[in-house]
Visitor: 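Below you'll find the structure I mean.
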Amino acid sequence: TIGCREGARPHKSGEFCRGTVGRKRRGVCGGQAELTGCLACAGRGELALDHLLGKAAPCQKDDRLGQLAAALDNVVGKRAPAQLGMRVRGMLAHGERCVEPATMGGGSDLNGTPQVEVLRRNVDVAAIAVRRKDTYRIKENLQLSGNKPNIDHILWSEMKLRGITTRPLDGKMVLDGEVMVFVIYQGEGEDAPVQWLEESIPFSGELDLSEASEEMVPSVSVHLIHREIEAKPDYDGEMRELDVDAVLELDMKLYREESMELLSDLYSTNRELSLETGEACFDKVLTKNMSKCKIAEKLNMDHADRILQICHSEGMVKIDETEVKDDGLHVEGVLEVSLLYLTADDTQPIQSSVEVIPFHYLIEAPGINEKTICQLVPGLEQMSAVMMGGGSVEVKATIALDLLALQPVCEQVIKNVSEAPMDLKKLQQMPGIVGYIVQPGDSLWKIAKKFHTTVETIMTTNGLTDSLIKPGDRLLLVKEMS
């Protein structure tokens, strides 16, 4: 609305005040402009048409509207948009521009339903969508090669997982990998030597998981919780087969990245709102990275000159330390290598040794910092151990480092809102129409809140097609009265 000088009498609907609207531009400085008579500087970057008319006088026809538009032209340096002309006409036609202090706010809406303007923002967060444990069973039958004797009894057996990968699909979880089987057995017959068998059982399967979807981010650990190897007779009745039974347990966490809508700010054009804010923290997926660290090392064995053959090799990855560095996670650990071998010592024909190979690796994770939550799952993808000349053993291995990095994000949110009646005196003192020069750091929301209007009204009044503004832009602002 356009407020009149104190003591001005309200005019009848459809009548217009008579007076002189000065349009002589006196100066522009620091984002402010001042016009003689009708325009006064109301603050940095703004012009208030607080007394468009002179002292109270009999009313005339609407030829004064042209003078008003001309005055507005002087404020913004361009023709006032048609929407503003229509708005001013409506205000004048309904007698809204000349209101006594005692009658300001007489509209029932000021005490009715709050008219609330809301500013929202979206934050990407990661939430656990699925948390479940399940099992996967592997059964396989192995047969001895033709050059090996029948099985009398099993002396020792071992089963390990290697190269495990998991990925969610719509309605299911897919897993792949290998089960490494190693068996030492006593051959059938009095003079039969001790024999060994080493086999790799590849597998690929899926588990029903109705809540899963392909775009989810998995964090899955797989453990071997049951292992059984039993000698069985073949179709000829000879003990030349091994039944392998393994049960894998999957501990599954699936994260869904969602866009969460938060309230950034609120204000009302017919209420005083007091906002209580606080901090809320969420996690977002920073990176999901499957890295591979390759190792090639020569080990010098004690009494290597007496080693005849390596029967079996196995490795275990152990992480000693992780450290956040620039754009990555530095990992230090060891590969513990267990070797089983035949020797020339008749008293101890089979011996074993455990060797340690240190390694370090930098997993790329742009944006990582000390607050990042890192879930690191190490694994052994492949390994081999071969006798070399000079009594050394060459070990080659590929270590898998599966990193899921979650970044905590803390945001200011509105926790509670209390309302109070509008301060009518404060509202009356605010200018009804303002010419404003956009300042650095301004947004339409900040401007609308400051001048008791709305973003929609500013865009409509100034013919804006989007909410982007830049310093130096000139806007016409009309105070809202709900």
Side-chain angles (χ1 to χ4, degrees), residues 1 42-46 104-105 107-129 217 255-286 367 369-373 405-431 434 436 438-462 464-471 473 475 477-482:
T1 58
R44 181 175 178 82
E46 62 201 54
M104 175 83 69
S108 60
D109 283 347
L110 286 177
N111 296 313
T113 304
Q115 306 298 315
V116 179
E117 298 298 313
V118 180
L119 179 64
R120 297 179 175 89
R121 70 186 186 278
N122 291 324
V123 178
D124 292 331
V125 301
I128 296 180
V217 180
Y255 292 86
R256 178 186 285 115
E257 293 184 278
E258 300 174 339
S259 181
M260 179 179 290
E261 189 177 74
L262 301 178
L263 290 179
S264 295
D265 199 8
L266 297 171
Y267 71 91
S268 174
T269 55
N270 66 348
R271 287 287 193 280
E272 297 286 349
L273 299 184
S274 298
L275 308 183
E276 179 186 342
T277 62
E279 193 173 65
C281 294
F282 316 94
D283 291 333
K284 75 173 185 177
V285 176
L286 183 64
N369 57 42
E370 296 296 336
K371 294 182 179 180
T372 305
I373 302 169
L406 301 175
Q407 187 65 42
V409 177
C410 294
E411 298 277 347
Q412 286 293 321
V413 297
I414 297 173
K415 292 188 172 182
N416 192 31
V417 180
S418 58
E419 65 170 288
M422 177 65 69
D423 186 342
L424 301 182
K425 183 176 181 182
K426 177 181 176 182
L427 182 61
Q428 180 193 6
Q429 292 173 348
M430 295 179 66
V434 173
Y436 185 77
V438 177
Q439 302 297 300
D442 275 346
S443 67
L444 285 187
W445 176 268
K446 292 179 181 179
I447 295 171
K449 185 175 180 181
K450 178 179 179 182
F451 290 98
H452 199 78
T453 185
T454 67
V455 171
E456 181 181 2
T457 298
I458 295 177
M459 293 180 65
T460 301
T461 301
N462 292 271
L464 302 179
T465 57
D466 58 56
S467 60
L468 297 179
I469 55 175
K470 61 183 183 297
D473 286 351
L475 300 174
L477 311 176
V478 181
K479 180 170 62 176
E480 282 285 319
M481 289 291 293
S482 296

Visitor: What I'd like to find out is whether the side chain of Val417 reaches to under 4.5 Å of the side chain of Val116, using heavy atoms alone.
Guide: no
Visitor: Which atom pair, heavy atoms only, marks the closest approach of Thr269 to Thr454?
Guide: CG2-CG2, 4.3 Å
Visitor: List in chain and number order the residues that pass salt bridge (Lys or Arg N to Asp or Glu O under 4.0 Å) with Glu261, two or more places apart in sequence or in another chain; answer none if no residue qualifies.
Guide: Arg120
Visitor: Within a reach of under 6.0 Å around CD of Glu456, are more than 12 heavy atoms found that belong to other residues, nucleotides or ligands?
Guide: no
Visitor: Please list, chain by chain and in numerical order, all residues satisfying side-chain hydrogen bond (donor to acceptor under 3.5 Å, both in side chains) with Asp442, sequence neighbours excluded.
Guide: Tyr436
Visitor: Heavy atoms, side chains only, cut-off 4.5 Å: are Leu475 and Leu464 in contact?
Guide: yes
Visitor: Kindly write out the residues that satisfy side-chain contact (heavy atoms from CB on, under 4.5 Å) with Ala448, not counting sequence neighbours, or none if the list is empty.
Guide: Tyr267, Thr453, Val455, Ile458
Visitor: Measuring from atom CD of Gln439 to atom NZ of Lys446, what distance do you get when rounded to the nearest 0.5 angstrom?
Guide: 12.0 Å
Visitor: Are the side chains of Leu406 and Val285 in contact, using a 4.5 Å heavy-atom criterion?
Guide: yes
Visitor: Apply side-chain hydrogen bond (donor to acceptor under 3.5 Å, both in side chains) to the pair Asn369 and Gln407, showing each step before the final yes or no.
Guide: CA-CA 8 Å; Asn369 57 42; Gln407 187 65 42; 3.1 Å; yes
Visitor: Please list, chain by chain and in numerical order, all residues satisfying salt bridge (Lys or Arg N to Asp or Glu O under 4.0 Å) with Asp265, sequence neighbours excluded.
Guide: Lys449
Visitor: Glu276: which residues meet the side-chain contact (heavy atoms from CB on, under 4.5 Å) condition with it, sequence neighbours left out?
Guide: Asn416
Visitor: First locate atom CG of Leu286, then atom NZ of Lys371, and finally report the distance between them rounded to the nearest 0.5 Å.
Guide: 14.0 Å
Visitor: Using every non-hydrogen atom in the two residues, find where Ser259 and Asn122 come nearest and quote the distance to one decimal.
Guide: OG-CB, 3.3 Å
Visitor: Measuring from Asp124:CG to Lys284:NZ, what's the distance to the nearest 0.5 Å?
Guide: 7.0 Å
Visitor: Check Met459 against Thr465 and note the closest heavy-atom contact, atom names and distance.
Guide: CE-C, 3.9 Å
Visitor: State whether a side-chain donor-acceptor pair under 3.5 Å links Glu419 with Ser268.
Guide: no
Visitor: Would you compute the distance between atom CG of Leu263 and atom NZ of Lys415 and round it to the nearest 0.5 angstrom?
Guide: 14.0 Å
Visitor: Measure across Thr372 and Ala405 and return the closest heavy-atom pair with its distance rounded to 0.1 Å.
Guide: CG2-CB, 3.8 Å
Visitor: For Glu117, enumerate each residue passing the side-chain hydrogen bond (donor to acceptor under 3.5 Å, both in side chains) test, keeping only those at least two apart in sequence or located in another chain.
Guide: none
Visitor: List the residues meeting salt bridge (Lys or Arg N to Asp or Glu O under 4.0 Å) with Lys470, not counting sequence neighbours, and say none if there are none.
Guide: Asp473
Visitor: List for me each residue that meets side-chain contact (heavy atoms from CB on, under 4.5 Å) alongside Pro471, sequence neighbours excluded, and say none if there are none.
Guide: Pro440
Visitor: For the atom pair CE (Met430) and CD (Glu480), what is the distance rounded to the nearest 0.5 Å?
Guide: 11.0 Å
Visitor: Given side chain to side chain contact (heavy atoms under 4.5 Å, CB included), test Leu275 with Leu266 step by step and report yes or no.
Guide: CA-CA 8 Å; Leu275 308 183; Leu266 297 171; 4.1 Å; yes
Visitor: Can you measure from CG (Leu424) to CD (Gln429) and round to the nearest 0.5 angstrom?
Guide: 11.5 Å
Visitor: Using a 4.5 Å cut-off on heavy atoms from C-beta on, say whether the side chain of Leu477 contacts that of Thr461.
Guide: no
Visitor: Could you tell me which residues satisfy side-chain contact (heavy atoms from CB on, under 4.5 Å) with Leu262, sequence neighbours excluded, listed by chain and number?
Guide: Arg121, Val123, Met260, Phe282, Glu411, Val413
Visitor: Taking all atoms of both residues into account, what is the closest heavy-atom pair of Thr277 and Gln412, and its distance?
Guide: OG1-OE1, 3.8 Å
